[in-house]
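One structure is given below, encoded as structure tokens.
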6 protein chains.
Amino acid sequence: MNTSIRPSGRAPEELRKVTLERAVARYAEGSCLVKFGETHVLCTASLEDRPPPWLRGQGRGWVTAEYAMLPRATLERTRREVTSGKPSGRTQEIQRLIGRSLRAVVDLHAIGERQIVVDCDVLQADGGTRTAAITGAWVALHDCLQWMQARSMLSAKALKDHVAAVSCGIYRGTPVLDLDYAEDSAAETDANFVLTGTGGIVEVQGTAEGAPFSEEELLRLLALARAGTEKLVTLQKLAVS
Amino acid sequence: MNTSIRPSGRAPEELRKVTLERAVARYAEGSCLVKFGETHVLCTASLEDRPPPWLRGQGRGWVTAEYAMLPRATLERTRREVTSGKPSGRTQEIQRLIGRSLRAVVDLHAIGERQIVVDCDVLQADGGTRTAAITGAWVALHDCLQWMQARSMLSAKALKDHVAAVSCGIYRGTPVLDLDYAEDSAAETDANFVLTGTGGIVEVQGTAEGAPFSEEELLRLLALARAGTEKLVTLQKLAVS
Amino acid sequence: MNTSIRPSGRAPEELRKVTLERAVARYAEGSCLVKFGETHVLCTASLEDRPPPWLRGQGRGWVTAEYAMLPRATLERTRREVTSGKPSGRTQEIQRLIGRSLRAVVDLHAIGERQIVVDCDVLQADGGTRTAAITGAWVALHDCLQWMQARSMLSAKALKDHVAAVSCGIYRGTPVLDLDYAEDSAAETDANFVLTGTGGIVEVQGTAEGAPFSEEELLRLLALARAGTEKLVTLQKLAVS
Amino acid sequence: MNTSIRPSGRAPEELRKVTLERAVARYAEGSCLVKFGETHVLCTASLEDRPPPWLRGQGRGWVTAEYAMLPRATLERTRREVTSGKPSGRTQEIQRLIGRSLRAVVDLHAIGERQIVVDCDVLQADGGTRTAAITGAWVALHDCLQWMQARSMLSAKALKDHVAAVSCGIYRGTPVLDLDYAEDSAAETDANFVLTGTGGIVEVQGTAEGAPFSEEELLRLLALARAGTEKLVTLQKLAVS
Amino acid sequence: MNTSIRPSGRAPEELRKVTLERAVARYAEGSCLVKFGETHVLCTASLEDRPPPWLRGQGRGWVTAEYAMLPRATLERTRREVTSGKPSGRTQEIQRLIGRSLRAVVDLHAIGERQIVVDCDVLQADGGTRTAAITGAWVALHDCLQWMQARSMLSAKALKDHVAAVSCGIYRGTPVLDLDYAEDSAAETDANFVLTGTGGIVEVQGTAEGAPFSEEELLRLLALARAGTEKLVTLQKLAVS
Amino acid sequence: MNTSIRPSGRAPEELRKVTLERAVARYAEGSCLVKFGETHVLCTASLEDRPPPWLRGQGRGWVTAEYAMLPRATLERTRREVTSGKPSGRTQEIQRLIGRSLRAVVDLHAIGERQIVVDCDVLQADGGTRTAAITGAWVALHDCLQWMQARSMLSAKALKDHVAAVSCGIYRGTPVLDLDYAEDSAAETDANFVLTGTGGIVEVQGTAEGAPFSEEELLRLLALARAGTEKLVTLQKLAVS
């Protein structure tokens, strides 16, 4: 008998089924199709031989990310952002988050005056697209750096650690891990955590959707996230081994 | 021994390996992942309950298409069109072509005052993305119409025929079928043909990239295309049966 | 007694009255006001002393075209494209076609690292604006190249051939040449042909507006177009002589 | 012997040759090709059956203007404004001026809940395009109102007066009328005057390009403008009679 | 003797001098000029009599925020965002945060089908503009709701609690409160906290700029923020009393 | 007893209370908060070390201006221009006017290859924002040039004269000085005058809102403006002394 309070039937601390499939894009220097249940994101890492203009001549490189959703990744078709002429605020917020998360584990001097662009394109969305994107983007980035390593393009070890992300939330009063869309839309509190392989916090973003939350709740969500990202890091290790 | 003049080793009249995988998108009313060799296009058909504004109150519906490429579908990363604020001329030309091709085989009165948007997103590009898109879009559209049929939303049979497309070109002096990127960039003449299941021509677009071509050459390309689209229609029939 | 099936009373293979008036713009290096009946297009060729950025340092030049309509060129006033912030898909398709057609008859090495921009502005539209534009643009381009020749700016003969264009269509079941607006809106099939002075095909664009068309029909339209462009080339020769 | 200080050889108080050709656009309700010497502007008046949204339900109409230049109207080719996505500040300033000038002589209640858009497209520019545009736009507007009158669409006499415009300037210390481009670029002071047929001032715009000017100079320019617009109004009367 | 490690000489747990000046804008329903030291933000609350389109007919209202900086609010002049045609990602992120923070303490049903827009315009920036904006926006919102209350426009008490925000960071290894620009640019970790008057957490945003941070550090920052926002709430109470 | 015809109770030739507060912006090289009654404009002058691209290498600099209004500077909230993607025609007209007015009194060679951008941001609007902006911008510009002088960046005296501006209008048949919003919206004629300290005219812009005006009326408005700008120049002298 399913006694779970979650629509998905999962236990509160249970991730969705996560898969990380490498080398899915023929041309990219690194790529990963990441699935968190029904959320599917295609991540490709592209090496560009010049850093962004504002960084030129400083002897180091840059890692950035772009994020988008296919129009019918969602339950209802979403209008393409090109049609309105600019990325939405949500899109920009997410791609800035992914970029910061990746840069937290990369030695930008080691990659020299180059740029790596990680594109995260959501093929199907069922909640948690940004956390899936970060988790998969790490794999694509890893493979891109390995590609560079094989061509002696790195002046030092460039990848300092793993980075993975997961959402948590308070759903019907219970802290739960890795919200899917049904949970996300009904959660009282929603938080995204980005952690490294060694357990350091790279980013915390917690938002009260309804009533404010307490310090104790924040800590319970963080504990869930810590356990979740540990599992994600294990899967990353398996994927790239 | 491979005596083909084609980089791919194919015979002049040989299609790439074509697959049409249905129902690949969880939410769309119809969907198809079409592959022409290394060219992969995800087609989703989305039903909207209103026609475009200029068609309201006329008792019929509309079928339209949008087309885009993921940034790293290509050998070199391509800048997202949202970044420049508008779809390129090439993108607009292609999505207009796909839309016209699909409308040629649909009874717009039968679908009532509704719109079907077929999104064709290129996951990987190796030449012939527009012809693959048309061929796969037909499957997505077929399934969307079947979905509508099952809900008694069609006033009559809406799908009048198959439609499929293929490119041809004169490569090193020889007319060849279904150009991949290596052939496409070197071809003297490039032509796209859109044909119906009964062999009618919906669209012919032939362009001399180098020297002008002759009527005879146009006819040889058309003959190749006719044979090619016949095979594609057979594959469509298998896919939806 | 007028027994023509055409609203204009023309015979099926009859062009509208075509005039090509040279040197109509005071400042342009070449210019031509072309009239196909009530369709009037002002074509100016402007020499720029640098090629487009992507072509720099390759020892050759470029010919490109831009196309626009005055707001009241049409029966109903059309909104200026600047108001919506970008050229429409139709505009971009047409200007790409004009550019390709002109480049087919120009030796881009002979003009050196420069660019010629041919602007085609429709003063009045009654169908066939793109074909009139190509036909007139050739004259403007010819005069611009002559202007360059007179200043020893060409390293070789730059203009390899004439190029002219005409539309054809199947109107009430009959293939007819050079459709005006009334015919164009009612035609079952609409095709534009761009041919050189020596009869080579530069571009074929045929579209079934209603029922698909057959190979035989395509050939009948091509035959009409061939006769029509021959007359247009004769008029070009007279204009520049 | 030409003792004029003006590059054109004109006397200080001499207009360029002005012509006003009516009914030059096949579809517009009113049209006029106005030439002030080598400055040529095509003005078309288009009747729209609804006023702008902010005026609906108020029982009166609106007259507005749009202004643009063809790319090669000028000595050097000018980039199309659609390419940069918006009309320039100069363009907007001019079209607002033309609109205000026309509205000054129209009874907006008499035209009912409709809008007349007067498009002023500069085919060739040699200074004074905005003043030529206003002068020609009046003729196009007159004919549009006459067209409406003939269809009993006016509730009263709608056109209250003539309106015409001319530029003046201080060129090499001498006040001169109707500056062409060579004079305009070198003038110390540049002023545009819009006057009615009865001599009322609708708009004065005087700008010191170099040293500030005095009240006396302003009055001398106004006197020149008054004489100039009287001649322009006479030409308008001839044109529409 | 100043033994502080902070450039400003403040103690780690010391806010800058904060002032909240009400009723500074003549026309707005509520307004507040908030200063956190040299960071000055003008907040105005504007009542609109309709909710955003997507909320119509649902019997409740909306509170949203917009954020911008004057060009010379910053050390170097910043380009106006209107010049690039769209708000930057940073701007959108901040205005979404302000809006969410305010909505957390408002009963949207009580304000009926209306919208309150709180504009936060940074007149001068020295770090912490978003937290100053939230703190001042609450005052402007309070006064707007009072204005509505005085006109019997509220169906119930609309303002449920105070909300205030402050930044914290780890600067040279020490957790400090309310970072100014000099500290912000050098901080290893940067976190913004939005808390209610009753101590509930509305939003936590913590980012590792350099090395990842630990749970313990997060808690120390939260403790600082809690003390800081308590003081800010006290100042809000004084301001509106 | 107030016998004034003006809503404000002022005499026809009476300015509103004008204040010019210097050095109000911490970072700008020059700044001024100008108030014409309830119209408040913050002017900052920013020195940039390069001229605009089109002026490079010509040995002289440039002075330009930008103008904007805060959303709730006005009675009803005005939409931010960034939301529509471009400055309105009115905004562009005003910023061009301010720039021209300032350049009329600056020796552009003396400032060398640099640019001064004067930002005029309207904090509160009650009519006459452009004239207040010009008057205050002069003070900001003065202080910026003094800042440059103190750093030996000027090759000669750069500021040649004062410049100040004021609006006049015919209100209920009477010429009045310095219109506030209530007067401006009802005035029959509206004119803006920009004059130098020595009484030279830099710019005259007079517009008949209703009936055309006469030469005599223009002169009476100019006389009012002359007296008004003399007082404004006196205030500028006091401000910078």
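Atoms considered below: every heavy atom in the structure, side chains included; atoms not considered: hydrogens, waters and symmetry mates.
- The candidate from C/Ala211, C/Gly206, C/Gly199, C/Pro87 with the greatest count of non-hydrogen atom pairs under 4.5 Å with chain B is C/Gly206.
- Heavy atoms of other residues, nucleotides or ligands lying less than 6.0 angstrom from CZ of B/Arg96 number more than 12.
- Only the side chain of C/Leu218 comes within contact range of chain B, with heavy atoms under 4.5 Å apart.
- Contact of B/Leu219 with chain C is made through the side chain alone, with heavy-atom distances under 4.5 Å.
- Between B/Trp138 and B/His162, the angle of the ring planes stays under 30°, which puts this pair in the parallel group of the 30/60° scheme.
- Your options are B/Ala104, B/Gly89, B/Ala208, and the one with the most heavy-atom pairs under 4.5 Å with chain C is B/Gly89.
- Looking at C/Ser88, only its backbone comes within 4.5 Å of chain B, counting heavy atoms on both sides.
- Residue C/Thr196 touches chain B through its side chain alone, counting heavy-atom pairs closer than 4.5 Å.
- Heavy atoms of B/Glu217 lying under 4.5 Å from chain C are absent altogether.
- The choice from B/Val204, B/Thr198, B/Ile201 that makes the most heavy-atom pairs within less than 4.5 Å of chain C is B/Ile201.
- Side-chain contact check for B/Thr91 and B/Glu81: at least one donor-acceptor pair (N or O, by modelled atom type) lies under 3.5 Å.
- Here the side chains of C/Tyr67 and C/Val122 are in contact, with some heavy-atom distance below 4.5 Å.
- Side chains of B/Thr131 and B/Asn192: a donor-acceptor N/O pair is absent below 3.5 angstrom, by distance only.
- When the shell of 6.0 Å around CZ of C/Arg220 is examined, it contains 12 or fewer heavy atoms from other residues, nucleotides or ligands.
- Of the two parts of C/Leu195, neither the backbone nor the side chain holds a non-hydrogen atom closer than 4.5 Å to a non-hydrogen atom of chain B.
- Distance alone, capped at 3.5 Å, places no donor-acceptor pair between the C/Glu113 side chain and the C/Arg50 backbone.
- Heavy atoms closer than 4.5 Å to chain C are found in the side chain of B/Arg226, but not in its backbone.
- Heavy atoms of C/Glu209 lying under 4.5 Å from chain B are absent altogether.
- Of the atoms belonging to B/Ser101, not a single heavy atom falls under 4.5 Å from chain C.
- The shortest distance between side-chain heavy atoms of C/Phe36 and C/Asp178 falls below 4.5 Å.
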